[in-house]
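Data block below; observations after.
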Amino acid sequence: MIEDDDAELRRLCEQLQQISRMELTELQEEALMKAAYALHFAFLDRRRGEIEEFYGMTDAELTNAQRQHLRSLGIDPDAPVEDDNAAD
């Protein structure tokens with residue numbers, strides 16, 4: 001692994017470790033553990049560039065093709081997002 005990649009992986013793992021100290025449900029703990037494993041595998045496989053590129057697109061608007069694909073899967077891309085942490 002490139003030294004810069006190693007430093008970034010350590011930085012991200014420190015953040016995951018801080019999150020793991022929070023009170024989490026069993027499913028949240030599982031998701032966090034799997035995310036940590038995936039991060040390690042991706043960095044070991046030298047895919048940091050792909051991760052950074054994908055992360056950079058997370059706030060991008062969906063293309064018409066992406067919207068159509070979601071609709072074909074029964075997902076409404078324009079539906080409001082439910083906040084699990086919202087007060088009842």
*Tell me who clusters with Phe41, hydrophobic residues only, linked when side chains sit under 4.5 Å apart either directly or through other members.*
Met33, Tyr37

_Using 0.5 Å steps for rounding, measure from the CZ atom of Arg48 to the CG atom of Leu9._
9.5 Å

*Just wondering, more than 12 heavy atoms not from Gln18 lying within 6.0 Å of its CD?*
yes

*Please, which pairs that meet salt bridge (charged side-chain N to carboxylate O under 4.0 Å, His left out) have at least one residue in residues 33-44, sequence neighbours excluded?*
Glu30-Lys34

*First locate atom CG of Leu39, then atom CD1 of Ile51, and finally report the distance between them rounded to the nearest 0.5 Å.*
6.0 Å

*Working to the nearest 0.5 Å, report the span between CG of Leu16 and CZ of Arg21.*
11.5 Å

*asked:* Between Glu8 and Arg11, does any NZ, NE, NH1 or NH2 come within less than 4.0 Å of an OD or OE carboxylate oxygen?
replied: yes

*Heavy-atom distance under 4.5 Å between the side chains of His40 and Cys13, does that happen here?*
yes

*Greater than 12 external heavy atoms within 6.0 Å of Asp76's CG*: yes

*May I ask you to test the Arg67-Asp78 pair for a side-chain heavy-atom distance under 4.5 Å?*
yes

*asked:* Distance check, rounded to the nearest 0.5 Å: Asp6 atom CG versus Leu44 atom CG?
replied: 9.5 Å

*asked:* My understanding is that a hydrophobic cluster links ILVMFWY residues whose side chain heavy atoms are under 4.5 Å apart, including indirect links. Using that, what else belongs to the cluster containing Leu73?
replied: Leu62, Leu70, Ile75

*How long is the span from the NE2 atom in His69 to the OG atom in Ser72, to the nearest 0.5 Å?*
5.5 Å

